[in-house]
Amino acid sequence: ETGVTQSPTHLIKTRGQQVTLRCSSQSGHNTVSWYQQALGQGPQFIFQYYREEENGRGNFPPRFSGLQFPNYSSELNVNALELDDSALYLCASSSSGADTQYFGPGTRLTVL
Amino acid sequence: GNSVTQMEGPVTLSEEAFLTINCTYTATGYPSLFWYVQYPGEGLQLLLKATKADDKGSNKGFEATYRKETTSFHLEKGSVQVSDSAVYFCALIMDSSYKLIFGSGTRLLVRP
């Protein structure tokens, strides 16, 4: 059974740029959620995708957007990067209707 | 709104000491409760869960009991090891929701 994978592991961007992060869900899972974890804090929910549609959204501005593909993998896109977007971005997958989410290793984004 | 409160760290213990990390929650309803662990430079790993009152979750020597009367889900381990050094997150999810709500995390440092 393949776990949740994310790419890239790290990346560095400058203010105003755009970034795309990628996630492959665990086999058998059709739902993907994205979280932002700032240094020293707990993860904060960004949004969730199910059946290629956004299924719920946290308190993040529209410049955070996402996609889910037919194979259940997902992308997180962030436009007009700000310094405060520097964080660990975590992807989690689950089965629809299940309460347990399984996390990937994360992507560390640094915005300079 | 729904929230999770954890004891502040760091918690520093000697090897083989008894561990308790306190977690309380506020929720309008009956959430499922989780403990996740994050090792340095890694994503979150599910440690244990409980889905209803009086359930006990357990894994790798860790235990937590869902206490509805005190709205708590304290994490315990009888004898910690150096390898248990990590950050521990308490989290909840509501039946009707799609997002995990996390506490701020408690760092555990176990000294040999």
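Just so it is clear: chains get the letters A, B, ... in the order the sequence lines come, proteins before strands, and each one is counted from 1. Computation of the quantities below employed the complete heavy-atom set of this structure, encompassing side-chain atoms and omitting hydrogens, waters and symmetry-equivalent molecules.
Annotation: maximal heavy-atom pairing with chain B below 4.5 Å, among Ser94(A), Ala92(A), Gly42(A), Gly58(A), occurs at Gly42(A). The candidate from Glu42(B), Arg107(B), Lys49(B) with the greatest count of non-hydrogen atom pairs under 4.5 Å with chain A is Lys49(B).
Open room surrounds OH on Tyr72(A); 12 or fewer heavy atoms of other groups in view lie less than 6.0 Å from it. The local environment of CZ in Arg63(A) is crowded, with over 12 non-hydrogen atoms from other residues, nucleotides or ligands closer than 6.0 Å. Other residues, nucleotides and ligands place more than 12 heavy atoms under 6.0 Å from the CG atom of Asn71(A). Applying the 6.0 Å contact sphere to CD of Glu69(B) captures more than 12 heavy atoms from other residues, nucleotides or ligands. For Gln81(B), the CD atom counts as densely surrounded, since its 6.0 Å shell holds more than 12 non-hydrogen atoms of other residues, nucleotides or ligands. Within a 6.0 Å sphere centred on OH of Tyr30(B), heavy atoms belonging to other residues, nucleotides or ligands number 12 at most. Counted within 6.0 Å of CG on Leu83(A), heavy atoms from surrounding residues, nucleotides or ligands total more than 12; the atom is thus considered enclosed.
Taking the side chain as every heavy atom from C-beta outward, Phe89(B) and Pro43(A) approach each other to under 4.5 Å. The shortest distance between side-chain heavy atoms of Leu100(B) and Tyr35(A) falls below 4.5 Å.
For chain A, no part of Gln6(B) is nearby; none of its heavy atoms comes within less than 4.5 Å. Both the backbone and the side chain of Leu44(B) come within contact range of chain A, with heavy atoms under 4.5 Å apart. Looking at Thr100(A), the atoms closer than 4.5 Å to chain B (heavy atoms on both sides) sit in the backbone and in the side chain alike. For chain B, the nearby part of Gln37(A) is the side chain; its heavy atoms alone come within less than 4.5 Å.
Leu76(A) and Ile12(A) are not part of a single hydrophobic cluster, where members link through side-chain heavy atoms under 4.5 Å apart.
Looking only at distances, no side-chain donor or acceptor of Gln101(A) sits under 3.5 Å from a matching main-chain atom of Lys99(B).
Atom CG of Leu90(A) and atom CZ of Phe102(B) lie 8.0 Å apart (nearest 0.5 Å). The line from CG of Leu33(B) to CG of Asp99(A) is 10.0 Å long, rounded to the nearest 0.5 Å.
Using the six-membered ring where Trp is involved, Tyr98(B) and Phe45(A) have ring planes that are tilted, between 30° and 60° apart.
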